[in-house]
Amino acid sequence: MKKNVFIVEGKDDTARLRLALGPKQLTIETGGSRISPQVLAKIKRFFADDNYQLILLTDPDYQGKRIRKKITALFPGIAELFLTREQAHPLHSGSLGVENADPKVLADLIRTNIKTPVFADGSENDSLTISDLYDLQLIGKPESAAKRAVLAEKFHLQAANGKQFLKELNLFSVSKKDLERAVEKFE
């Protein structure tokens, strides 16, 4: 069985993960969006080792998205876990972050929602298209952004503009049927 190694932003995220999963949980801390060559080398070593599964878990903010974009570009197929803004919101004051997530919620999320990209075999039949999003009123309408945000939370993806949302849906193999069922609940 593979050991999970979480890629997080900093030491407070590591501390929160260890509260949720145990004191021996392995993490790699990026130290922010300026990821050092040493950290990238460490990620590369774990990524190449079949005994480990790397899981990217960043804050649901701009810097978290920057880090996620860099790492997924360098390591395609890396597993990802997404916290909603609500799950990462501090109880009192402070910024959004993994370090603010309730350990029980975090543990439950990890058990049930790690997303591993499934790459299409090249056929167009299994992919959603921009036309599908338009037909489902997820782009091109005043309420589209709000609907995408709700659906992103339902499918445990990042809320994004239409083009990015389409990319996320296809990357994590959300079927047209599943998306249509979710959209029906808006009506």
Side-chain angles (χ1 to χ4, degrees), residues 3-47 52-117 145-172 174:
K3 285 183 111 175
N4 289 336
V5 178
F6 288 87
I7 300 170
V8 296
E9 293 181 47
K11 63 182 181 340
D12 292 334
D13 299 339
T14 293
R16 185 55 59 147
L17 270 174
R18 289 182 177 157
L19 271 177
L21 302 175
K24 294 185 179 182
Q25 179 58 57
L26 296 173
T27 63
I28 299 171
E29 296 166 3
T30 65
S33 61
R34 292 185 59 136
I35 305 167
S36 73
Q38 294 84 0
V39 170
L40 289 174
K42 190 174 187 179
I43 293 170
K44 186 176 182 179
R45 281 194 305 275
F46 278 105
F47 189 71
Y52 298 96
Q53 178 184 21
L54 286 174
I55 302 163
L56 184 56
L57 175 61
T58 59
D59 299 345
D61 60 10
Y62 176 76
Q63 291 300 329
K65 286 180 183 181
R66 272 185 74 190
I67 294 166
R68 188 176 296 276
K69 187 175 180 178
K70 284 180 184 181
I71 292 176
T72 56
L74 292 169
F75 304 99
I78 196 167
E80 298 183 69
L81 185 64
F82 297 93
L83 281 177
T84 64
R85 295 178 76 78
E86 183 178 281
Q87 291 166 326
H89 200 273
L91 289 176
H92 303 291
S93 63
S95 60
L96 293 173
V98 172
E99 71 272 12
N100 296 315
D102 179 308
K104 184 181 179 332
V105 170
L106 196 53
D108 290 344
L109 191 67
I110 289 165
R111 269 195 301 281
T112 59
N113 290 301
I114 293 173
K115 302 288 186 181
T116 304
K147 286 182 178 181
R148 285 193 310 272
V150 170
L151 292 170
E153 189 166 331
K154 178 192 179 356
F155 290 114
H156 298 280
L157 304 172
Q158 284 189 316
N161 64 32
K163 192 174 175 181
Q164 281 299 107
F165 187 63
L166 176 63
K167 183 178 174 184
E168 293 267 322
L169 289 168
N170 284 325
L171 186 62
F172 294 109
V174 174

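Each residue takes its place number in the sequence, starting with 1.
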Q: For the pair Ile35 and Ile71, evaluate side-chain contact (heavy atoms from CB on, under 4.5 Å) and give the outcome as yes or no after the intermediate values.
A: CA-CA 9 Å; Ile35 305 167; Ile71 292 176; 3.9 Å; yes
Are any of the side-chain heavy atoms of [X] and [Y] separated by less than 4.5 Å?
{"X": "Glu153", "Y": "Phe82", "value": "no"}
{"X": "Ile43", "Y": "Leu74", "value": "no"}
{"X": "Phe6", "Y": "Ile110", "value": "yes"}
{"X": "Thr58", "Y": "Asp13", "value": "no"}
{"X": "Ile28", "Y": "Phe46", "value": "yes"}
{"X": "Leu96", "Y": "His89", "value": "yes"}
{"X": "Leu151", "Y": "Phe165", "value": "yes"}
{"X": "Glu80", "Y": "Leu157", "value": "no"}

Q | Lys/Arg-Asp/Glu bridge criterion (N-O < 4.0 Å) met for Arg111, Asp108 | A | yes
Between [atom1] of [X] and [atom2] of [Y], what distance do you get to the nearest 0.5 Å?
{"X": "Leu26", "Y": "Thr14", "atom1": "CG", "atom2": "OG1", "value": "10.0 Å"}
{"X": "Asp61", "Y": "Leu83", "atom1": "CG", "atom2": "CG", "value": "11.0 Å"}
{"X": "Arg68", "Y": "Lys65", "atom1": "CZ", "atom2": "NZ", "value": "10.0 Å"}
{"X": "Glu168", "Y": "Arg148", "atom1": "CD", "atom2": "CZ", "value": "12.5 Å"}
{"X": "Ile55", "Y": "Leu81", "atom1": "CD1", "atom2": "CG", "value": "7.5 Å"}
{"X": "Leu40", "Y": "Arg45", "atom1": "CG", "atom2": "CZ", "value": "11.0 Å"}

Looking only at heavy atoms, what is the nearest atom pair of [X] and [Y], with distance?
{"X": "Gln25", "Y": "Leu21", "answer": "OE1-CD1, 3.5 Å"}
{"X": "Leu106", "Y": "Arg16", "answer": "CD2-CG, 3.9 Å"}
{"X": "Asn100", "Y": "Ala88", "answer": "CB-O, 3.5 Å"}

(Q) Under a 3.5 Å threshold, yes or no: a donor from one side chain and an acceptor from the other, between Gln63 and Ser33? (A) yes
Q. Is a donor on one side and an acceptor on the other found under 3.5 Å between the side chain of Glu29 and the backbone of Asp12?
A. no
Q) Quick one: does Gln87's side chain have a donor or acceptor within less than 3.5 Å of a partner on Thr84's backbone? A) yes
